[in-house]
Asker: 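This is the structure I have questions about; it appears just below.
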Amino acid sequence: MSYFRAENLSLHFGGLKAVDAVSFAVEKGEILSIIGPNGAGKSSIFNLISRIYRPTSGRIFFEDQDITEEPPYDIAKLGIARTFQNIELFENATVLSNLLVGRHRHSTTQLWQELLFLPSVRANEKMHRRRVEQVIEFLDLEPYRDKLISGLPYGVRKVIELARALCSEPKLILLDEPSSGLNVEETDDMSFWIRDMKSELGITVLMVEHDMSLVNRVSDRVIALNYGRVLAMGSPTEVQQHPDVVAAYLGA
Amino acid sequence: MRFLFKTDYEDDIKLFPHSGYWVSYGILLALLLIAPYVLSSYLMSQLVFVCIYATVGVALLILTGFTGQASLGHAAFLAIGAYTAAYLQKYNVPFPVYFFAAGALTGIIGAMVGFPALRLTGIYLVIATISFALIVEEILARWESVTNGNEGMRVKTLSLLGVTVPRDSPTFYYLCLAVLVLTIVGTLNLLRSPTGRAFVAIRDSETAARSMGVNVALYKVKSFAISAAITGFAGVLFAHKLSFISPEMFTLQLSIEFIIVILIGGAFSLHGAVLGAIFIVMIDPFLTYLKDDVPGMIAGIAAAFGAGKATAGSIQSNVAAFASLNGLKGAIYGIIIVLFVLFEPLGLYGRWLKIKLFFQLFPLYKRATFKRQKIYVKSERNR
Amino acid sequence: MLDFVQQLVSGVALGCVYGLIALGFVLVYKATEVVNFAQGDLMMLGGFFAFTFIGMMGLNYWVGFAGAVAAMALFGMLAERVVVRPILGYPQFSIIMATIGLGYFLRSIAGMIWGTDDLKIETPFSQGVLRIGSLVLAYDKLSVIAATMILCTLLWLFFNKTTLGTAMRASSENMLAAYYMGIPVKRVVSIVWAISAAVATCAGVLLAPITFIHSNVGLVLGLKAFPAAVLGGFGSIPGAVVGGVLIGVIESMAGFYLPEGWKDVAPYLVLLAVLLLKPEGLFGHHVRKKV
Ligand SMILES: Nc1ncnc2c1ncn2[C@@H]1O[C@H](COP(=O)(O)OP(=O)(O)OP(=O)(O)O)[C@@H](O)[C@H]1O
Ligand SMILES: [Mg+2]
């Protein structure tokens, strides 16, 4: 059985088939990229997985469990974290508290304990703080710890979003266009981090990306999508040479 | 300027960023404790109201400031707390019991309001809370067997462990102060724990909060319940302070006053809620002062500048007539709100921070430091 | 049955007034995303202006009416310029507070100028009644209904048939895009305020024979018009009028058929029920941010 599996996933907005009977599988420890022209339905697949939308039909499995009907907040609890294409950070909070929200799925304390800030809460907080610091170190975010998000440049925010997802110690991470809006150097950093996530942290990565050089550098496999349908699936070079994919990108 | 060096994860968790805070808050607390022996009984009475309003302000801050759920219905929660106390008193229930019962009942009702409010945002939520408050007001006026209708209810003097605590005694003031301080400390604790962060996350992006594992519905209901419960506690004290309650004390006007508390004080800060409460409560004595003393003063000034006795007299009576005009209070309220929104969106606390920074950075302070970013039009339609 | 029709007509008449105030809410909201809590108070002020022109200065009813509308249109522009424009684009909460402040101010000032008594405006149609069989309908109520229909038609023509109206619709869809297309967005906004104040004035003057004019009338009616706008979806012009009529009818039916006390809460109960089932109101669209 595959680690993660989507079966015949469809999402219709009225007459528009944003996702149309898509099936694919992700193996544990793999980096799988989804490519496709604008509006192909890539983000929609992510939104289906994280249950922002309810699929019109189809099923989603993770670790052999059917998660199609799980409420959105339980998806994170199962170990699936994500980033967003247009950055969804908590604007009026510090970087640190943004990252600590990433720890939310590991919090065990009760409301009344928190009101009194009992030693157990304190101990938990220190533990979370330590974990967050590891992520900060991993992604070189030290200079920004106490800064408010609203004052930070785009590139940094992008990294913070990644950091927030990593703080939840996910098993599977969904990255929606991790390099969009980044310059060449930042994109390089991003590619190293993505590979390190796989090799050092053992996280499985599902990624949507337009930058082909990044896709080629990090992906084990690639899925090409157009009009909500899978065009091709396979190694990066295979997919890029597939006639349907070439046609889709040339706008035929 | 003070530079903070952090050497331990504790440093980010602590209640106050550095030890200076303990000193200044200690001094403040000491001053508040000796206040009953220094201040006039009138000012003490106002101080009690400040404590109650500030408690409600903090409660509203949790809901509106931190969780981002606007409410114009907090007067109703205050009323529920107050009426629960008054009703249970009739059956000789002891203070601690009805105090907590009032908080618990209000909290439960708050949660019940929170459920339908889950799917509402922005203006829809505002109108839903207004509707709730208006319905509560009507129930209070009509459910005569319990609330005594528009006649209102008398509230007996508080008796704690067999000792009576009159509403103008120092002990009552200490009680109100204790409730306020506990509320503030509890809120600070919440803010440095997962729940508080979940609130802020919901305020800033529900989608992201959800995808990080926050059960948005649950936390919104929690926020409603906590905010309502605190307001309910404040309601008990409010009832005792007034010693008589009736439905027309808990109108939309009062809910708006609570919003003004957090707006004027400065949204998103606990300091602000307290400053705002001081402001709202003190505006009445200020207007009285205006009515009584200022006309004479102005006439005096006019006389000093060589105005004749008759002119000075007529100035005095004119100013006095203006000051005692009906509705002057409303006009001043209105102007103050508008001016604050236009020129001091960070509220009184924001102003204080600016002043502090000015002295710390002197002579390097630039006006632009706090200049607001002009966003042309940022739509809140698609939230 | 007769009672029912009579209640229905007076409910619809009252509802039309709510609808007109709600229309003001919606116009301003559509154009600027500002929820104007002072809308009811603009109506109140309009009523007082009309009273001054007609009752105190003795002008002809129609001349006074027109004068009040014109004066209030100017006042609406002024209010927008002074209170709203500087904070356009800031969080909704701040703007709501600013308009609440404006409302306080207007109420107090009106109280100072015109006193706290109930005032009445004599109208050409205050008296008579229309008899259809044994059904008796008062002209003042019918006039409100007729006037609302005329006003709505005029507004519809304005928004759909004139260039200015089209520009307004464009800038309410997307202000920034409209700005780039060369639409003078600021002027458009100030005209929207003028229109909404003018509509409010019409409501105030039409209302004068039914309930009286006093400084708190705006607050009281505004609190009913608000649910009307929400019921209609807060952004839909026909929705506002339909919402207003619904609220008016519910109120007058509850007042007639239910025990005392229900009259005042029934509209809010219905509103809460509707919001529970359809959080975006009857005619609103549910929009969701794309991620
Ligand atoms: N909430 C929605 N309502 C209606 N249509 C939608 C919605 N969300 C997405 N769509 C449509 O679904 C299609 C797929 O959108 P999606 O965001 O998944 O594209 P994408 O592949 O991520 O594109 P891009 O590369 O631009 O991010 C598009 O045509 C889009 O307009
Ligand atoms: Mg996308």
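Owing to the predicted nature of the structure, the values given are computational and were not obtained by experimental measurement. Just so we're on the same page: letters track the sequence lines, and every chain starts at 1.
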Asker: Under the criterion side chain to side chain donor-acceptor pair (under 3.5 Å), I'd like the reasoning laid out for A:E88 against B:T207: C-alpha separation, chi angles, the key distance, then a yes or no.
Answerer: CA-CA 8 Å; A:E88 289 284 321; B:T207 313; 4.6 Å; no
Asker: In terms of heavy-atom pairs under 4.5 Å, which option from A:T83, A:I75, A:L111, A:L89 contacts chain B the most?
Answerer: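 Heavy-atom pair counts peak at A:L111.
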Asker: Please report the shortest heavy-atom distance between B:V214 and A:Y73, naming the atom on each side.
Answerer: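 Residues B:V214 and A:Y73, closest heavy atoms: O-CB, 3.4 Å.
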Asker: I need the minimum non-hydrogen distance between B:G213 and A:H104, along with the two atoms involved.
Answerer: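 Reported closest heavy-atom pair: O-CD2, 3.4 Å.
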Asker: Which bit of A:V101 is near chain B, if near means a heavy-atom gap under 4.5 Å: side chain, backbone, both or neither?
Answerer: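 For A:V101, backbone and side chain are both near chain B.
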Asker: Quick check: are there more than 12 heavy atoms from other residues, nucleotides or ligands sitting under 6.0 Å from CD of A:E137?
Answerer: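 No - once you tally the heavy atoms of other residues, nucleotides and ligands closer than 6.0 Å, there are 12 at most.
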Asker: Quick one: pull up CD1 in A:I49 and OG in B:S211 and give me the separation to the nearest 0.5 Å.
Answerer: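 The distance works out to 12.5 Å.
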Asker: Could you tell me if the side chain of B:R203 sits less than 4.5 Å from the side chain of A:N92, heavy atoms only?
Answerer: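 They are in side-chain contact.
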Asker: Heavy-atom cut-off 4.5 Å, strictly under: side chain, backbone, both or neither for A:S97 against chain B?
Answerer: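 For A:S97, heavy atoms of backbone and side chain both lie under 4.5 Å from chain B.
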Asker: Pick whichever of A:R105, A:E91, A:H128 has the most heavy-atom pairs under 4.5 Å with chain B.
Answerer: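 Of the options given, most contacts go to A:E91.
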Asker: Within a reach of under 6.0 Å around NZ of A:K17, are more than 12 heavy atoms found that belong to other residues, nucleotides or ligands?
Answerer: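 For A:K17, atom NZ is not crowded (no more than 12 foreign heavy atoms under 6.0 Å).
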Asker: Side chain, backbone, both or neither: which part of B:I226 has an atom under 4.5 Å from a heavy atom of chain A?
Answerer: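 It is the side chain, since no backbone atom gets that close.
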Asker: Does a sphere of radius 6.0 Å around CZ in B:F115 hold more than 12 heavy atoms from other residues, nucleotides or ligands, not counting ones at 6.0 Å or beyond?
Answerer: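 Not buried by this count: 12 neighbours or fewer within 6.0 Å.
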Asker: Does any backbone or side-chain atom of B:F199 lie under 4.5 Å from a heavy atom of chain A? Answer side chain, backbone, both or neither.
Answerer: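 Neither part.
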Asker: Considering only heavy atoms from C-beta outward, does the side chain of B:L190 approach that of A:L115 to under 4.5 Å?
Answerer: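 Yes, at least one pair of side-chain atoms sits under 4.5 Å.
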Asker: Does any non-hydrogen side-chain atom of A:F84 lie less than 4.5 Å from one of B:S205?
Answerer: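 Not touching, per the 4.5 Å side-chain cut-off.
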Asker: Taking B:R197 first and then A:E125, would you say they form a salt bridge - that is, a charged N and a carboxylate O separated by under 4.0 Å?
Answerer: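 Between A:E125 and B:R197 there is a salt bridge, with a charged N closer than 4.0 Å to a carboxylate O.
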Asker: Begin with the C-alpha distance, continue with both residues' side-chain angles, and end with the deciding distance and a verdict on side-chain contact (heavy atoms from CB on, under 4.5 Å) for A:R122 and B:R192.
Answerer: CA-CA 9 Å; A:R122 185 177 293 267; B:R192 51 180 178 159; 4.1 Å; yes
Asker: Are A:Q113 and B:S193 side-chain neighbours, meaning at least one heavy-atom pair lies under 4.5 Å?
Answerer: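 Side-chain contact under 4.5 Å: no.
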Asker: So which part of A:L116 gets closer than 4.5 Å to some heavy atom of chain B, the side chain, the backbone, both or neither?
Answerer: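 Contact with chain B: backbone only.
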Asker: Can you measure from CG (B:L191) to CZ (A:F117) and round to the nearest 0.5 angstrom?
Answerer: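 It comes to 11.0 Å.
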Asker: Should B:M212 and A:R164 be marked as a side-chain contact (heavy atoms from CB on, under 4.5 Å) after you check the CA-CA gap, both sets of side-chain angles, and the distance that decides it?
Answerer: CA-CA 8 Å; B:M212 295 325 299; A:R164 186 179 64 187; 3.8 Å; yes
